[in-house]
Novice: 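Starting off with a structure, shown below.
Residue numbers begin at 1 in each chain, while the letters A, B, ... track the order of the sequences.
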Amino acid sequence: MADLAFTIISIALIIPISLFLGVIYAFLLRKFNARFQWRVGPVVRMYSDLAPVIGSTRVWQPMYDILKLFGKDTLIPASAHKRLFTWSPYFSLFFSFAAVLFIPFPGMPLLSDAPYSLIVASYLLIASILFTILGPVASGSPWGAIGARREVELFLVAELGFVASLFLVAFMKGSLVIAELSGTVGSIPMVLVTLLAGITMFAAMLGKLHIKPFDMPEAECEIVAGPYTEYSGKLLGTYFLAKIFVLYNMVALFIAVFLPPVSSSVLWLPLYVVAALVLVFLLAVVQVLNPRYAIRKALTWYLKIVVPLVILGFIAAFALRMVA
Amino acid sequence: MSTHIKILKQVLQKYSSPMTLNYPSGVDKNRMYSQIPEGLRGFIERDEEKCVGCRACYMVCSGRATKIFDTAEKRTVQVFHFRCTYCAHCEECCPEEAIKMSKKFELTVTDKNDPKAYVNTDLKMISCKACNRPYLPEKMQKRVFERLSEKIDPKVKGIVVEDYHKTEGFCPDCKRARGVMLDTHTKKHVWLEVV
Amino acid sequence: MGLIDRARIYSPWVYHFHCGGCNGCDIETLAALAPRFDAERFGIQLVASPRHADILITTGCVPKQFIPMIKRVYKQTPDPKVVVAIGGCACGGSLFYDEDPENYAILGSPDLLIPVDVYVPGCAPKPEQIINGIVQGILKLNEKATRGKK
């Protein structure tokens, strides 16, 4: 009974926490990006003489963007399949938000100790991205269609790396429950294999979050705004909100599965924050240093580098299990 | 990979000191501008004292930004900033050196009829004695006479000035009609002989 | 002031719309969004689709062939929206336009077709001036949004 009450309270708490952290991550991604490009980026402290007019800080910039979009008109193109077009952003948001509940936060296991929670979480994350493909296809715009097609191609390979690296760890530790994966550290060779899986997971994250070498679905100078071309107002805001949740999810999942003890107890909270910051920083570094790949090159990159690494990991994990 | 490291090194060099200016912040003195070159041509400034309304700027204006409006009382010389291309032809050709290109460049207006977008100079007109048509700004007439008397050969100065006063106040058409009265008229003697 | 109203001031998204002309103003516009002036400090972002935009930046005079496109882009921008005309051509037609004799190819400034809210004269305007214009546009945007509510 006490367990149930705690779970309910923690679910109520994780909504603002995940939103807060997601916004902070998105802000940091933008800020690091800007600083790497020798510019200021969204200001943390506004110039004192401008502060009364345009606000004292821009840390909540991603949130403001979304709020503004909610205050705008929503246009629905005549060529769109109306029902799919209007509902897919909400489904995307729903799935990405539902995935939040299955990923542990330090001190809050949430639903991560439910059976098969790893499979559920990865399915929810995949479903969220699936609806960012379905909506644009329903819009009837050629740009949306091209963006969606690129998204599908990237989705196939990035998702392969994502799922394979998650299940590599699961296979090694013999569990499909995120709470168990994040609780047990294992022996030193196990940690090494987990790190290897972490590297492939990082590569998959780049594809899922559209970080620079793999941002061809949103290539602004090529295909207008890619999948989001026809979206405006509330629907676009919903997609952006879903994106923020996905960002939070990916970072949280990475820390939960690949940095094992960090998200198991409240005491690890400072380390959790540091790990999240480092992860976002690394994402920003990759984004700044790389040009956009062509879609074919991205596919071959994943198949040549990520897939062999994962296979290597699986062989190592199999050997470890045989020894044990 | 080595190029990535090279880029990263370069990127991290200025990580703590970005090159962004604090532009909209800082009122007046603390405001940081980008480089303002020495020869920057900003908005036109016209010295109302010096301008005589000779239409030279109107004739050369490449963007047709300069316009002349004549009424019975005044001539308005106007520059519309929206259409100005800052070619400085008017500065070059102005005989009175009344036009200067300033270094001001910050101007945004929300209405096309905003007085900030125009540079107007009003000049008093004089009307023709005979046909009552406004034909020349008073200032210009004065100035033309001054320049004429400066540059003319002293041998013929007497006749010319006398002639000038004879037809003062007539518009060009009326002046031509009365041309025969002038001592400097080339065919005056011929005409007299015929009569 | 509500949260959404405040958010509207905080995150104006800009769609850069080149109608025609010499491209000088476009270069300056991009300079205004580049690291030297970094408009992202104030949440100004360049977006690729007019459907995401709050502020339409138009540069250049409108050729007659371009009339349907500019009307369509204006319609595709969701309300509340503001149009900022940048450069002499977009403000008054400049070199390329005259009432008499009429140019056979060039219509003139975009305000003959769509309501322009802020004018930024200059040939080409300096990036400072463009940022000024965008700031004016933001204020106008807020004004429009609150008026629409009443």
Novice: Using a strict 4.0 Å threshold on nitrogen-to-oxygen distance, state whether Asp73(A) and Lys81(C) make a salt bridge.
Specialist: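 Here Asp73(A) does not pair with Lys81(C) in a salt bridge, since their nearest N and O are not under 4.0 Å apart.
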Novice: Could you walk me through whether Phe36(A) and Phe281(A) pass the ring pair (Phe, Tyr, Trp, His ring centres under 6.0 Å) test, one step at a time?
Specialist: CA-CA 11 Å; Phe36(A) 281 136; Phe281(A) 184 77; 5.7 Å; yes
Novice: Select one option (side chain, backbone, both, neither) describing which atoms of Asp79(C) are under 4.5 Å from chain A's heavy atoms.
Specialist: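 Its backbone and side chain both get close to chain A.
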Novice: Students often mix this up, so state it plainly: with edges at 30° and 60°, are the rings of Phe91(A) and Trp87(A) parallel, tilted or perpendicular?
Specialist: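 The rings of Phe91(A) and Trp87(A) sit tilted, inter-plane angle from 30° to 60°.
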Novice: Parallel, tilted or perpendicular: which fits the ring planes of Trp60(A) and Phe20(A), with parallel below 30° and perpendicular above 60°?
Specialist: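 Tilted: the ring planes of Trp60(A) and Phe20(A) meet at 30° to 60°.
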Novice: Under 4.5 Å heavy-atom distance to chain A, tell me which part of Ile44(C) shows up: side chain, backbone, both or neither.
Specialist: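 Neither the backbone nor the side chain of Ile44(C) comes within 4.5 Å of chain A.
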Novice: Pick whichever of Arg58(A), Gln61(A), Arg30(A) has the most heavy-atom pairs under 4.5 Å with chain C.
Specialist: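 Of Arg58(A), Gln61(A), Arg30(A), Arg58(A) has the most heavy-atom pairs under 4.5 Å with chain C.
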Novice: Output the option from Lys31(A), Met63(A), Glu230(A) having the highest count of non-hydrogen pairs under 4.5 Å with chain C.
Specialist: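 Heavy-atom pair counts peak at Glu230(A).
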Novice: In terms of heavy-atom proximity below 4.5 Å to chain A, should Gln76(C) be classed as side chain, backbone, both, or neither?
Specialist: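 Looking at Gln76(C), just its backbone touches chain A.
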Novice: Indicate the ring-plane relationship of Phe131(A) and Phe95(A), choosing parallel, tilted or perpendicular according to the 30° and 60° boundaries.
Specialist: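 It falls in the parallel class, under 30°.
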Novice: Given the options Ala34(A), Gly71(A), Gly41(A), which has more heavy-atom pairs under 4.5 Å with chain C than any of the others?
Specialist: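 If we count pairs closer than 4.5 Å to chain C, Gly41(A) comes out on top.
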Novice: On the 0 to 90° scale, with breaks at 30° and 60°, tag the Tyr64(A)-Tyr10(C) ring pair as parallel, tilted or perpendicular.
Specialist: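 Ring orientation of Tyr64(A) relative to Tyr10(C): perpendicular.
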Novice: Between Ile66(A) and chain C, with a heavy-atom cut-off of 4.5 Å, which part of the residue counts as in contact: side chain, backbone, both or neither?
Specialist: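 Neither part, no heavy atoms under 4.5 Å.
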Novice: Side chain, backbone, both or neither: which part of Ala39(C) has an atom under 4.5 Å from a heavy atom of chain A?
Specialist: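 It is neither, since no heavy atom gets under 4.5 Å.
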